[in-house]
Amino acid sequence: MNLDAHTPAGPLERKWETRRFEMKLVAPNNKRKYHVIVVGSGLAGASAAASMAELGYNVSCFCYQDSPRRAHSIAAQGGINAAKNYRNDGDSVRRLFYDTIKGGDFRSREANVYRLAELSVNIIDQCVAQGVPFAREYGGLLDNRSFGGAQVSRTFYARGQTGQQLLLGAYQALERQIGCGHVQMYARHEMLELVVVDGRARGIVVRDMVTGEIASHVGDAVVLATGGYGNVFFLATYAKGCNATAIWRAHKKGAGFANPCYTQIHPTCIPVAGEYQSKLTLMSESLRNDGRIWVPLKAGDTRAPGQIPDAERDYYLERMYPSFGNLAPRDIASRAAKRVCDEGRGVGPGGLGVYLDFADAIGRLGSETIAEKYGNLFEMYERITGEDPYTVPMRIYPATHYTMGGLWVDYDLMSTIPGLFVAGEANFSDHGANRLGASALMQGLADGYFVLPYTIGNYLAGVKPDGMDAKHAECRAAEVAVRERIERLLAVRGSRTVMSFHRELGRIMWEHCGMARTKAGLTAALEKIPALRQEFWKNVTVPGSGADLNQSLEMAGRVGDFFELGELMCRDALAREESCGGHFREEYQTPDGEALRDDERFCHAAVWEWTGADRPQTRHEEPLVFENVHLATRSYK
Ligand SMILES: Cc1cc2nc3c(=O)[nH]c(=O)nc-3n(C[C@H](O)[C@H](O)[C@H](O)COP(=O)(O)OP(=O)(O)OC[C@H]3O[C@@H](n4cnc5c(N)ncnc54)[C@H](O)[C@@H]3O)c2cc1C
């Protein structure tokens, strides 16, 4: 497997400029001869599809929702980072680059991260031009707040619905191109297979989710912007529909899968309330700007929070990480919450919760100011828990929230299959072993608005349109494979629902490959998951048929892929004998319980190659070279 990242030579600050100059261009009147397929209409997909069409390419865009504007990106709450330094508080492109490399525990590629920091400032300008209503401060400049892992305020936001506003901007740009006839939009279509011809990605097979029709679509390049795979844990903050099918099927066609075990557990989610719950809700990290996190000092203290005096509270993040306090990065804050709960100091039912308390902030700023900043989040919390966070502290606990792993891509965001590009959360690129808050939106939009329009052009300049159509033998073969899989799922007619299998898989993943991992636990998971997968294929029940709308069938296909992916995540976590970022192996920790990296053996991206069904994938390595930052032990103390 060729893992050449094609990182341009020269100083870090000039790499992207150098690369853009080196790139071949497609002449304006030739662009319409090329067809680009974009799967996904979230921030990464919508921005890529709109930008490519604006340049003059023909684009087909696919999503499984009924409208592109319902992509999961719409859920993003807190904000988007950019090194604008509007606050004059010491920010710079270099600092955002450094914070991101350090935040990712030195497990990402320097050149990509620097480019991301550089492009962050363009994103804000682009979105403002589209009319995205970012919060403003009194003087008229865009307002900023702070997010974890940074000591500057660089997060741009639109109350607690930043993702929605950004997506409306990208969606408008996309709709304009649909109106102009340059983008053909296929909503309610699910990609189920990648078509590879002579080693190049040339198309996809989709199922019309309403009629059940299976069809191929061909193009000169394919972009996957299909989001993250955290729903492998069943309970997560993701929209229920999020899944790994597109990237997993591409992996099985030859795309390397990088760092699958790197998942993010977010510290501020509403705790699990019962056995039959199927979804978790995030309380944005932005709340940690003003909320203080604490638990009782004494284990087993069951008094109501208002009856516990300050001296008997442990503001543990402020105590353990005085420089960053409540804004310690997510992996660190999550582990700290787990630790205090393991000590018996957790609050709420089952003791799996910590307080996020706004009393001080309300006393200082007044509840009106707090409502202006976080009103919709407070309302959401009250609707779900029945408790009023203006008067009673919120209860929060860590939950699965983001996946840093994904399909491996080079500097141009191209996977190991030529012509297959991967953007947004679906690729592995910029966040290393832990993503800092407010940086996923930044990455998705950088990829779609500012990177792919160049790099896909460069790729297309080297290939000639050849008139291939959907009758090609490879399309037919891929369609047959899709039909056979659907028929196999429908034929089982067993006795267990898809959901019950998914829930059990999620429990195994959370227990053995969640916040804390051990060799023994991962080994046990690698026995349990294949056994459960086999039972799934013998005993799942999928009612209905493949000829019309069938949500059980959709879910069954996705859960089938989650089984294989879950196994790979455990294998990856087992092979990485170190702790870094969100990957915490209990055997590898410092005396005070922090992640202990092993740079000698593991300063690389682990990339897995599919070798066939029921055979373990092969592990490859892309070494990570640090020329501009020193590999250091990460400290937020
Ligand atoms: C509750 C919540 C709050 C968040 N808040 C923030 C925040 O404040 N700041 C921040 O930076 N990040 C935040 N994040 C993370 C961020 O929202 C996501 O990482 C990001 O939006 C992902 O964007 P994307 O374009 O890569 O994918 P998505 O938005 O997930 O879009 C995926 C697209 O792919 C399509 N798709 C997927 N599979 C297929 C298939 N097989 N066939 C056809 N179409 C397919 C879907 O239909 C969809 O259109 C938050 C995440 C959550 C869960």
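We count ligands from 1, going down the list as the structure has it; atoms in each ligand are counted the same way.
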message: Side chains of Q264 and T403: any donor to acceptor distance under 3.5 Å?
response: no
query: Taking any residue with a non-hydrogen atom under 4.0 angstrom from an atom of ligand 1, which ones do you get?
result: V39, G40, S41, G42, L43, A44, F62, C63, Y64, Q65, A71, H72, S73, A75, A76, Q77, G78, G79, H189, E190, M191, A225, T226, G227, T237, A246, L282, H401, Y402, G424, E425, R435, A438, S439, A440, L441
message: Whether the T237 and H266 side chains hold a donor-acceptor pair (N or O, under 3.5 Å, no angle test) is what I'd like checked.
response: no
Using a 3.5 Å cut-off and no angle test, enumerate the donor-acceptor pairs between side-chain atoms of residues 160-168 and protein atoms at least two apart in sequence or in another chain.
| residue | atom | partner | partner atom | Å |
| --- | --- | --- | --- | --- |
| Q161 | OE1 | Q165 | NE2 | 2.8 |
| T162 | OG1 | Q77 | O | 2.8 |
| T162 | OG1 | A158 | N | 3.2 |
| Q164 | OE1 | R69 | NH2 | 3.3 |

field: Distance-only donor-acceptor check, side chains D561 and Y229, under 3.5 Å
entry: no
- prompt: Looking just at side-chain N and O atoms, do Q126 and N122 make a donor-acceptor pair shorter than 3.5 Å?
  reply: no
field: Between S108 and D430: side-chain donor-acceptor atoms closer than 3.5 Å
entry: no
